[in-house]
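Comments concern the structure below.
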Amino acid sequence: MVRQNQKARRAPMSMERPARLVLLPELELVKSVKLSNRILGFFKKTSTHEVCPKCAHLSESVYDHRPVRIKDEPLRNKLVVLLINKRRFYCSHCKKPFTEPVSGIGKGRRTTERLRSAICWASENFHDLSRVQRHYDCSADTVYRATYDRLELRRRKRLYPLPPVIGIDEHSLRKPKGRSTVYSTIIVDHTHRRVYELLEGRARGEIEEPLRRLPGRSNVRVVTMDLSPTYRTLAREYFPKASIVADRFHVQRLFTKLVNRLDPQNSTLPS
């Protein structure tokens, strides 16, 4: 009886709190509708004026309205659809109308930026892309576009000049059967503790041109490397302001081999 009375006193879940979670900046919730598999939210923008994207003049004159349907990130395993009644303002300077922008939604897109971020995350963590399509109820084209757009943003964030401290070393990519090992040259950013660049090959003729194209070579003050004469020569030529520091691992390895060679019976140092 107690449990039945508690269930009877429970009020149906209000849609106001989930609606506030999906609100984008400057949007006001008009009403919301909860369906079996999705949540519909009707929104309008609260700003009184907008700036013309062409001439940057303020406009308060509303030309007309155009409803748009925007897909958002799922909430509580339910699809979220934003129905926004967008206004078109009239610019008195350009003599043309323009549509008001909404923060969090790219120009001309029908998906929010957080949905595109969620799709990119799912593409990297789900077992296959078909599951991403089913989970977010989107097409394969949307999955590919959202994923590669986000990856391009990540790539652009890493496009910065060389830092003051870098490391250069060789890295074995693969060893084909019956053929010699394929090597590459890796440049490490010690300041941010990440790989800065991967160059194909390790010979001077293979990596000389890619090294010349690296931005900010004059910023480098310290270059750590092994005892390779090729890398040492290239560092002196392409990073003239940098000091060359021998990597501790390689120095210790050479020292260990020398000790073991001089006294192999009593030496306990691993080679």
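Remember, predicted model here, so these are calculated numbers, not experimental data.
Remark: the backbone N or O of S92 is paired with a side-chain donor or acceptor of K95 at under 3.5 angstrom. No side-chain donor-acceptor contact under 3.5 Å links T112 to the backbone of G104. Side chain of T142 to main chain of C138: no donor-acceptor pair is present (N/O by atom type, distance under 3.5 Å, no hydrogens or angles). The backbone N or O of E26 sits less than 3.5 Å from a side-chain atom of T46, completing a donor-acceptor pair.
The existence of a salt bridge linking R145 and D141 is confirmed by a sub-4.0 Å separation between a basic side-chain nitrogen and an acidic carboxylate oxygen.
Side-chain polar atoms of D128 and S130 form a donor-acceptor pair below 3.5 angstrom. Side chain to side chain, D169 and Y231 fail the donor-acceptor criterion of an N or O pair below 3.5 Å. Between the side chains of R202 and T185, not a single donor N or O lies within less than 3.5 Å of an accepting N or O.
Between L129 and Y144 the shortest heavy-atom distance is CD1-OH, 3.6 Å.
With a 4.5 Å cut-off on side-chain heavy atoms, V81 and I70 do not count as touching.
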(request) Check the pair D72, R38 against salt bridge (charged side-chain N to carboxylate O under 4.0 Å, His left out), reporting the backbone distance first and the verdict last. (result) CA-CA 11 Å; D72 200 3; R38 65 187 60 206; over 6 Å; no

(request) Take R150 and S117, measure what side-chain contact (heavy atoms from CB on, under 4.5 Å) needs, and give me the verdict at the end. (result) CA-CA 7 Å; R150 288 293 159 181; S117 298; 3.1 Å; yes

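Aromatic rings from H171 and Y183 are positioned such that their centres are separated by 6.0 Å or more.
Applying the side chain to side chain contact (heavy atoms under 4.5 Å, CB included) test between P74 and each of I39, L115, V80 identifies L115 as the sole match.
Residues satisfying the side chain to side chain contact (heavy atoms under 4.5 Å, CB included) test with E100, not counting sequence neighbours, are K45, S47, E50, K86, R87, F89.
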